[in-house]
Peer 1: 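Mind looking over this structure? Questions follow.
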2 protein chains.
Amino acid sequence: MSDRLDHVFAALADPTRRDLVARLARADATVGELAEPYDMSVQAVSKHVSVLERAGLVTKSKDAQRRTVRLEAEVFDLMTKWIERYRREAEARYQRLDAVLAELDEDGTPKSPTTPTTHSSEESAAKERAS
Amino acid sequence: MSDRLDHVFAALADPTRRDLVARLARADATVGELAEPYDMSVQAVSKHVSVLERAGLVTKSKDAQRRTVRLEAEVFDLMTKWIERYRREAEARYQRLDAVLAELDEDGTPKSPTTPTTHSSEESAAKERAS
DNA sequence: CATTTATTCAACCAAATGGTTGACAACCTA
DNA sequence: TAGGTTGTCAACCATTTGGTTGAATAAATG
């Protein structure tokens, strides 16, 4: 399903590549221009750009000998969606748990079972979270 | 600055670890429980959990021999902020460029210079984008 | 045509990664 | 105390990664 996300996250795990993305967000640039600031060979930067390209974060367009690199913003949505989905799920679960704990605090009897607990270790989770 | 992001992105680059996060978003679980579905040793999963822990995505709490693993949602904000920042920058730049192109389309003379073009390859970028 | 410029390809290397198996530690339970 | 669970540590292995240098390609320019 998400072979794409493998490459995207892996691409952004490297600080040099994140810096490239940061700079490309401001302006397109050629490989040579991108390489200048770093204390490493042009070939190394070319490789980094290729990694970003394979991840779909960037596209290259040829202009004579130069390759102009442009940031592609769409892929960011893929990441954001993945992240936000699970962040929301986790937060929603915490709120459910807090609600349950609040009820237990009142009279000790759980009333309306909000969403049925699917996982076996949920109770111990609640116990942990109460501390 | 962002040594943390290195670990977070690297952690999520692995499909098994993303699946762990997905499952932990629904419910806390012990290492053993987490290991069950996969065709790999418990030790391997333990390592994966350690990677998630080092990235700050997850915390372990000891409960007898068991380690209950919980997802920590705060780190997600760090990622979202980073991503959204550059996505917005890129999109804003595209809109500026589209505006400039629209003006050029009318009379061929750029009027109010929106934001000054900082990078040398901006014009060629505009040319490329026009095609 | 010869040269310079911009980039990539190829081979190589050290270090990190993702997995394995075996031993060990810690804890419950009979 | 002995034995079963649960998880980690250690050593090992194959592959990937991030860098290097040297050569090759492609296009502008003298």
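Reminder, nothing fancy here: chain letters follow the sequence lines and each chain counts from 1.
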Peer 1: Nearest nucleotide by nearest heavy atom, which residue falls closer to the 5' end of DNA chain C, S50(A) or R17(B)?
Peer 2: S50(A)
Peer 1: The criterion is salt bridge (Lys or Arg N to Asp or Glu O under 4.0 Å); which residues satisfy it with R87(B), sequence neighbours excluded?
Peer 2: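 R87(B) satisfies salt bridge (Lys or Arg N to Asp or Glu O under 4.0 Å) with D77(A), E84(B), E91(B) once adjacent residues are dropped.
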Peer 1: So does R66(B) get a backbone contact from the side chain of D63(B), meaning a donor-acceptor N/O pair under 3.5 Å?
Peer 2: no
Peer 1: Return the polar atom pairs (N/O with N/O) between nucleotides 21-24 of chain D and the protein under 3.5 Å, or none.
Peer 2:
{"unit_1": "dG22(D)", "atom_1": "O6", "unit_2": "Q43(A)", "atom_2": "NE2", "d": "2.8"}

Peer 1: Anything under 3.5 Å between a protein N or O and an N or O of nucleotides 27-30 of chain D, put it in a table, one pair a line.
Peer 2:
{"unit_1": "dA27(D)", "atom_1": "N3", "unit_2": "Q65(A)", "atom_2": "NE2", "d": "3.0"}

Peer 1: Apply the test side chain to side chain contact (heavy atoms under 4.5 Å, CB included) to residues D14(B) and H48(B): give CA-CA distance (whole Å), side-chain angles for both, the deciding distance (0.1 Å), then the verdict.
Peer 2: CA-CA 9 Å; D14(B) 185 276; H48(B) 278 307; 3.7 Å; yes
Peer 1: Cut-off 3.5 Å, no hydrogens considered: what does the side-chain donor-acceptor table look like for residues 34-47 of chain B, sequence neighbours left out?
Peer 2:
{"unit_1": "Y38(B)", "atom_1": "OH", "unit_2": "D19(B)", "atom_2": "OD2", "d": "2.6"}
{"unit_1": "Y38(B)", "atom_1": "OH", "unit_2": "R23(B)", "atom_2": "NH1", "d": "3.1"}
{"unit_1": "S41(B)", "atom_1": "OG", "unit_2": "A44(B)", "atom_2": "N", "d": "3.2"}

Peer 1: Between R93(A) and D28(B), is there a side-chain N and carboxylate O pair less than 4.0 Å apart?
Peer 2: yes
Peer 1: Could you list the donor-acceptor pairs under 3.5 angstrom formed by side chains in residues 51-59 of chain A, with sequence neighbours left out?
Peer 2:
{"unit_1": "E53(A)", "atom_1": "OE1", "unit_2": "K60(A)", "atom_2": "NZ", "d": "3.1"}
{"unit_1": "R54(A)", "atom_1": "NH1", "unit_2": "H7(A)", "atom_2": "NE2", "d": "3.2"}
{"unit_1": "T59(A)", "atom_1": "OG1", "unit_2": "E72(A)", "atom_2": "OE2", "d": "2.9"}

Peer 1: Can you tell me the distance, in whole Å, between the CZ atom of F9(B) and the P atom of dT17(D)?
Peer 2: 17 Å
Peer 1: Begin from the C-alpha positions of L5(A) and M79(A) and carry the test side chain to side chain contact (heavy atoms under 4.5 Å, CB included) through to its verdict.
Peer 2: CA-CA 7 Å; L5(A) 277 180; M79(A) 271 189 293; 4.2 Å; yes
Peer 1: Run the side chain to side chain contact (heavy atoms under 4.5 Å, CB included) check on L24(A) and V21(A) step by step: do they pass?
Peer 2: CA-CA 5 Å; L24(A) 288 167; V21(A) 168; 5.8 Å; no
Peer 1: Taking CG from L34(B) and P from dT8(D), how many angstroms apart are they, rounded to a whole number?
Peer 2: 11 Å
Peer 1: What are the bounds, 5' to 3', of the part of DNA chain C that sits under 4.0 Å from heavy atoms of chain B?
Peer 2: dG18(C) to dC28(C)
Peer 1: Starting from the 5' end of DNA chain D, give me the residue, G32(B) or D14(A), whose nearest nucleotide shows up first.
Peer 2: G32(B)
Peer 1: Mapping V42(B) and T16(A) to their closest nucleotides on DNA chain D, which lands nearer the 5' end?
Peer 2: V42(B)
Peer 1: Any chance you could measure S61(B), atom OG, to R70(B), atom CZ, to the nearest 0.5 Å?
Peer 2: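 That separation rounds to 5.5 Å.
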Peer 1: Students often mix this up, so state it plainly: with edges at 30° and 60°, are the rings of F76(A) and W82(B) parallel, tilted or perpendicular?
Peer 2: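 Answer is parallel, since the angle falls under 30°.
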Peer 1: Is there a side chain to side chain contact (heavy atoms under 4.5 Å, CB included) between Y86(A) and R18(B) once you walk through the steps?
Peer 2: CA-CA 10 Å; Y86(A) 295 115; R18(B) 279 203 308 282; over 6 Å; no
